[in-house]
Enquirer: 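Have a look at the structure that comes next, please.
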Amino acid sequence: MRLMKTVLCLTALLLLPGLAQAKTVKVGVVLTYSGGAAQFGEQIERGMMLYMQQHEKDLGGHKIELIKRDSKRPGGDIAKNAVQELITREKVDILTGFVFSPNAMASAPLATQGKVPMIIMNAGTAWIPSLSPYIARVSFTMWQSGYLMGTYAAKTLGYKTAAMGYTDYPPGKDSVNSFKMGFEAAGGKVVDSIPMGGPREVPDFTPFFQRVKDAKPDAFYVFVPAGNHAAAVVKTYNDLGMKQAGVTLIGPGDITQDTQLQGMGDGAVGLVTMHHYSADSERPENKAFVAAWKKAYGDDTTPDFMGVQGYDGMAAIFHVIKTLDGNIDAEKAMAALKGWKFNSPRGPIMIDPDTRDIVQDEYVHEVVKEGGRLKNKEIGKVDQVKDPCKELKVGKCGE
Ligand code: PHB
């Protein structure tokens, strides 16, 4: 009789979901935690942690262990070493993070060899997901903002000529190539294209901007990797009086990042950009997200596009853990990610099952001043944009 009871108890225990089989899923997080790009690591991590706090109970008893590594710079080598160690020594189930494209690119072959799903929370060069079958991206592709801004600049803003300036590394090249293609397909003409130094140091933009001012195109399309670079772009544009000289600064939303906006001052008013997120979006899902963010991190803080990407990336990780009931297998994880849909604070998003890249709404934003604050105000929207680089099969995107 006693034996019977013990057997029954054990069976009941095994049948209790989430108790007997609770797993700890190891997630390797590779972000910039120090140096000039530390603000990006902080944003993304705050987004991740917010989602975790809000949804911990939904994991059916499973736990997530975050193992964090600092990729420091955009160069690729430090991130690659970190990923190697996360896979071989820590035996992580999932890799995530990746602010800079070269860091994601250098790590991709290791994800393939180690068969570890890699969920990209920023790195935006269009062809990154084709580097490994285990990559899915929840952030953006440079072509989504660049190509659409090109079309919008010619068709809606009516610009005939544009110069382009870019930080000289893969996402910068993607951004200006896509702008040029969209702009010229819609009847505009690009008259100059200027590489403006690498991503690591913020350069003195003055000589590049002076060259554009002298050439006097209708518009100047600039890509820089957000952060301190963006603040310096808007400052230089104003210091040189380019607006008064008739040259209008436009770009992807990286140049009006929400966390940089207030520091840019009134000189930012009127800037028009294309992007997938603004902290000032009136969507109820976004208002709830921003309110929760301020409650967690302080009234004087705001999420920006990287924050929402961390949040959505963690939602994707939760989806994988729940779908696989904590038993992470790379093939099954990728199958779960393909076609995954989420009602993000930025709007509805989906992972394209064919490309493993994000499909999302793109917004036209104009910087306005309201109630003493600068805002990225939504003035237009393009629904459910797939990566134009892959749609049009351009260069490496067509391979
Ligand atoms: C990138 O390295 O892919 C990158 C970094 C920062 C951005 C955009 C793209 O704002």
Side-chain angles (χ1 to χ4, degrees), residues 30-33 35-44 47 71-80 96-108 118-131 135 137-147 149 165-179 195-202 221-234 251-261 273-279 303-310 313 346 357-358 360 362 365 376 387 389 396-397:
V30 182
L31 286 173
T32 46
Y33 285 113
Q39 56 189 301
F40 304 151
E42 181 182 66
Q43 263 291 318
I44 293 179
S71 56
K72 296 196 177 103
R73 300 191 289 269
D77 52 336
I78 300 174
K80 187 177 178 186
T96 195
F98 304 100
V99 170
F100 290 111
S101 286
N103 293 346
M105 290 167 184
S107 305
M118 178 168 161
I119 296 177
I120 297 199
M121 289 179 169
N122 190 65
T125 305
W127 37 272
I128 287 177
S130 59
L131 293 175
I135 289 180
R137 177 156 52 193
V138 295
S139 48
F140 56 91
T141 94
M142 299 312 310
W143 276 72
Q144 287 173 324
S145 50
Y147 188 82
M149 190 69 216
Y166 62 101
T167 304
D168 193 6
Y169 79 127
K173 290 177 193 161
D174 252 15
S175 186
V176 290
N177 288 342
S178 59
F179 174 81
M196 307 188 298
R200 199 167 153 188
E201 307 291 340
V202 178
Y221 176 86
V222 171
F223 167 81
V224 291
N228 307 336
H229 287 258
V233 162
V234 177
D254 308 66
I255 67 168
T256 54
Q257 191 182 16
D258 293 303
T259 36
Q260 295 292 328
L261 202 54
T273 59
M274 184 75 71
H275 224 207
H276 54 282
Y277 184 69
S278 154
D304 62 28
F305 65 95
M306 297 203 190
V308 82
Q309 291 159 194
R346 69 179 109 164
D357 221 334
I358 188 156
Q360 61 187 337
E362 285 286 319
H365 292 134
N376 273 309
D387 175 29
C389 188
K396 285 187 184 158
C397 293

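It should be emphasised that the depicted structure is a prediction, and the values quoted were computed from it without experimental measurement. Start at 1 and go down the list; that is how both ligands and their atoms are numbered.
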Enquirer: What protein heavy atom sits nearest atom 6 (C) of ligand 1, and how far off is it?
Expert: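 Here the closest protein heavy atom is P225 CB, 3.5 Å.
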Enquirer: Which atoms from ligand 1 have a heavy atom of A123 less than 4.0 Å away?
Expert: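 Close to A123: 3 (O).
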Enquirer: Can you report which non-hydrogen protein atom sits closest to atom 8 (C) of ligand 1, along with the distance?
Expert: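 Answer for atom 8 (C) of ligand 1: D254 OD2, 3.2 Å.
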Enquirer: Quick one: does W143's side chain get under 4.5 Å of D174's, heavy atoms only?
Expert: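 Result yes, sub-4.5 Å side-chain heavy-atom pair found.
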Enquirer: Write down the atom of N122, the atom of Q309, and the distance for their closest heavy-atom approach.
Expert: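 Closest heavy-atom pair between N122 and Q309: OD1-NE2, 2.9 Å.
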Enquirer: Scan I120, V30, I44 and name whichever one has a side chain to side chain contact (heavy atoms under 4.5 Å, CB included) with V99.
Expert: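 It is I44, the one option of I120, V30, I44 that forms the side chain to side chain contact (heavy atoms under 4.5 Å, CB included) with V99.
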Enquirer: Which heavy-atom pair separates A226 from M306 by the least distance, and what is that distance?
Expert: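 Closest heavy-atom pair between A226 and M306: CB-CE, 4.5 Å.
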Enquirer: Under 4.0 Å, heavy atoms only, figure out whether ligand 1 is touched by the backbone of N122, its side chain, both or neither.
Expert: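 Contact part for N122 vs ligand 1: side chain (C-beta onward).
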Enquirer: Heavy-atom pairs closer than 4.0 Å: do any link ligand 1 to the side chain of Y169, the backbone, both, or neither?
Expert: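 Answer for Y169: side chain.
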Enquirer: Number the atoms of ligand 1 from 1 as they appear, then name those within less than 4.0 Å of a heavy atom of A226, with their elements.
Expert: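 Contacts of ligand 1 toward A226, numbered from 1: 10 (O).
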Enquirer: For ligand 1, note which part of F98 has a heavy atom under 4.0 Å away: side chain, backbone, both or neither.
Expert: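 Neither part.
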Enquirer: Quick check: does T125 get an N/O under 3.5 Å from an N/O on ligand 1?
Expert: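 No: no nitrogen or oxygen of T125 is under 3.5 Å from one in ligand 1.
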Enquirer: What I'd like to find out is whether the side chain of D258 reaches to under 4.5 Å of the side chain of S278, using heavy atoms alone.
Expert: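 Sidechains of S278 and D258: in contact.
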Enquirer: Considering the heavy atoms of F305, write down every atom of ligand 1 situated less than 4.0 Å from one of them.
Expert: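 That gives atoms 10 (O) of ligand 1.
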Enquirer: Can you tell me how far apart NE2 (H275) and CD (Q144) are? Round to the nearest 0.5 Å.
Expert: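 If we round to the nearest 0.5 Å, H275:NE2 and Q144:CD are 9.5 Å apart.
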Enquirer: Do any nitrogen or oxygen atoms of P102 lie less than 3.5 angstrom from nitrogen or oxygen atoms of ligand 1?
Expert: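 No.
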Enquirer: Is ligand 1 less than 4.0 angstrom away from at least one heavy atom of F40?
Expert: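 F40 does not count as a contact of ligand 1 under the 4.0 Å cut-off.
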Enquirer: To the nearest 0.5 Å, what is the distance between CD (Q360) and OG1 (T141)?
Expert: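 Those atoms lie 8.5 Å apart.
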Enquirer: Please report which non-hydrogen protein atom sits nearest to atom 3 (O) of ligand 1, along with the residue it belongs to and the distance in Å to one decimal place.
Expert: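 The answer is S101 OG, 2.6 Å.
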Enquirer: Hey, what's the ring geometry for F140 with H276, parallel, tilted or perpendicular (30° and 60° as the breaks)?
Expert: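 Ring orientation, 0 to 90° scale: parallel.
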